[in-house]
There are 2 protein chains.
Amino acid sequence: MERGGGLGGRDHARGVSRGCLRGRFPIMMPRMKTLDPMDRKILIALQRNADIALEDLGAMVGLSRNAVWRRVKALEAAGVIRSRVALLDPDRLGLGLTVFMMIRTDRHAPDWLARFAEATRDMPEILGAYRMSGDLDYLIRARVADVKAYDALYQRLVARVELADVSASFVMEEMKETTELPL
Amino acid sequence: MERGGGLGGRDHARGVSRGCLRGRFPIMMPRMKTLDPMDRKILIALQRNADIALEDLGAMVGLSRNAVWRRVKALEAAGVIRSRVALLDPDRLGLGLTVFMMIRTDRHAPDWLARFAEATRDMPEILGAYRMSGDLDYLIRARVADVKAYDALYQRLVARVELADVSASFVMEEMKETTELPL
DNA sequence: TCTGAAATACTGTCCCA
DNA sequence: TGGGACAGTATTTCAGA
């Protein structure tokens, strides 16, 4: 009689009561039908504001609260909806400076790359780290308080992994910054 | 010019207006006391997972459900918590390619900049647009399906605003990508 | 299969000590 | 601040197209 009730934690065993297990798919990944227009609308709404009530979301896309709920759960299970997070205001938290670090290197040994990847993962100021095509090898996107804080970040990074050519570009004006994917 | 940022939270605006959510003027709403360790813990938890129940969040930071609720509301009112959103998986949505566009220009007239800003805001593939310091003038971060889709994006952009020198760098490997600010 | 409506359990919100 | 009462919401169950 216990009720789980956790969000996103428990999966509801399906098909056990009926006894008809198709067993076609590995349990891991519930198949995702191609996104129909309804799913698209739901995703568009949720990636703009995940606080919305199912009732309102349903009204928005023209579905009952219940149908929407089932679709959302399916999208979560399929991994399309990865998480729900709170977006904070960097300026109000004293993180007024966005900096991009353009990195060129001749070190291409797997060991070097592993250390670099680990270092960027460990440093919370680094929001994004990318291996690039073209003449630029790596690009880092970071948030810090000011130029001084950037220098500290830079020092910590080069202390962990050898970087030959690093050039920093500071963001003067953030004209756009969103997590909303084009759907 | 009084746009009280913040997230609505309670009232669900009927017509979803496409307004700009970003007022970065120091219009402090209810005065925010300096973040005490409790607030920090709450923010850290919420920017990692906003799905958590107040009960559990309280247990996590060592406060009652109620006290946590009050703090969260205060942080929202102060604009520290800007919104809650769903994070989607780009790959599962057919957006497998991240591209950075490095832009240099000699056009520095306010009119040009206004058109550029408007164009980037209108194009949903563009996730970030930044005016930079240094020899690089502007940087754009975008998500598209593939190189062909990038070219379409590029064509649409240059059709709207004159761009002399644009060089694209494609992301081969996304080593890190997070919305969690360092707290 | 899919849907919507009602019933239930839980969680956010408010009031009071 | 914490405890409890209330209201609103998510989740389950059930019946129907």
Side-chain angles (χ1 to χ4, degrees), chain A residues 1-25 30-43 45-47 49-78 80-81 83-86, chain B residues 6-14 30 32-43 45-78 80-81 83-86:
Chain A
M1 298 312 183
E2 280 308 306
R3 185 116 265 121
L7 317 134
R10 320 254 130 62
D11 46 357
H12 36 301
R14 180 61 116 31
V16 173
S17 53
R18 284 289 178 81
C20 47
L21 285 167
R22 303 264 171 76
R24 281 269 177 83
F25 284 87
R31 70 272 175 257
M32 197 67 223
K33 342 158 257 220
T34 46
L35 288 193
D36 59 44
M38 228 37 124
D39 288 325
R40 257 177 43 92
K41 283 193 210 170
I42 291 173
L43 291 176
L46 282 184
Q47 76 173 161
N49 175 23
D51 244 353
I52 188 173
L54 285 175
E55 192 81 45
D56 301 335
L57 185 55
M60 204 175 278
V61 305
L63 237 58
S64 81
R65 158 180 49 184
N66 214 312
V68 171
W69 177 77
R70 241 172 282 128
R71 281 170 183 267
V72 169
K73 285 303 162 192
L75 289 165
E76 286 174 349
V80 176
I81 296 177
S83 63
R84 288 147 195 261
V85 303
Chain B
L7 67 146
R10 284 227 52 71
D11 46 4
H12 40 303
R14 179 47 66 93
M32 196 67 221
K33 336 158 252 219
T34 46
L35 290 192
D36 59 43
M38 225 41 121
D39 288 325
R40 257 178 43 92
K41 283 194 209 169
I42 291 174
L43 290 176
L46 281 184
Q47 75 174 162
R48 187 180 327 255
N49 175 23
D51 244 352
I52 189 174
L54 285 175
E55 191 81 46
D56 301 336
L57 185 55
M60 203 173 279
V61 304
L63 239 60
S64 79
R65 158 180 50 182
N66 216 312
V68 172
W69 176 75
R70 241 171 282 129
R71 280 169 183 267
V72 170
K73 284 303 164 192
L75 289 165
E76 287 175 349
V80 177
I81 297 177
S83 63
R84 288 148 195 261
V85 303

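Rounded to whole Å, the distance from CH2 on A:Trp69 to P on C:dA5 is 17 Å. The distance between atom CG of A:Asp51 and atom C1' of D:dT9, rounded to the nearest whole Å, is 12 Å. Atom-to-atom, CG of A:Leu63 to P of C:dG4 comes out at 5 Å; the value is rounded to the nearest Å. Nucleotide C:dT13 holds its P atom 13 Å from the CG atom of B:Leu57, rounded to whole Å. Between the CG atom of B:Leu54 and the P atom of D:dG2 there is a distance of 13 Å, rounded to whole Å. Atom pair A:Arg65:CZ and C:dA7:P shows a separation of 12 Å (rounding to whole Å applied). Note: CG (A:Leu46) to C1' (D:dA10) measures 14 Å, nearest angstrom. Here the C1' atom of nucleotide C:dG12 and the CG atom of B:Asn66 are 10 Å apart, to the nearest Å.
Put simply, the side chain of A:Met60 reaches to within 4.5 Å of the side chain of A:Ile52, judged on heavy atoms.
Considering every non-hydrogen atom in both A:Val72 and A:Arg84, the closest pair reads CG1-NH2, 3.4 Å. Taking every heavy atom of both residues into account, A:Gly58 and A:Val68 meet most closely at CA-CG2, 3.5 Å. Summarising the geometry of B:Arg48 relative to A:Val85, their closest heavy-atom pair is O-CG1, 3.6 Å, with the distance given to 0.1 Å.
Side-chain proximity of B:Ala53 to the nucleotides C:dG12, C:dG4, D:dG2 is greatest for C:dG12. Side-chain proximity of B:Arg70 to the nucleotides C:dG4, D:dT1, D:dT11 is greatest for D:dT1.
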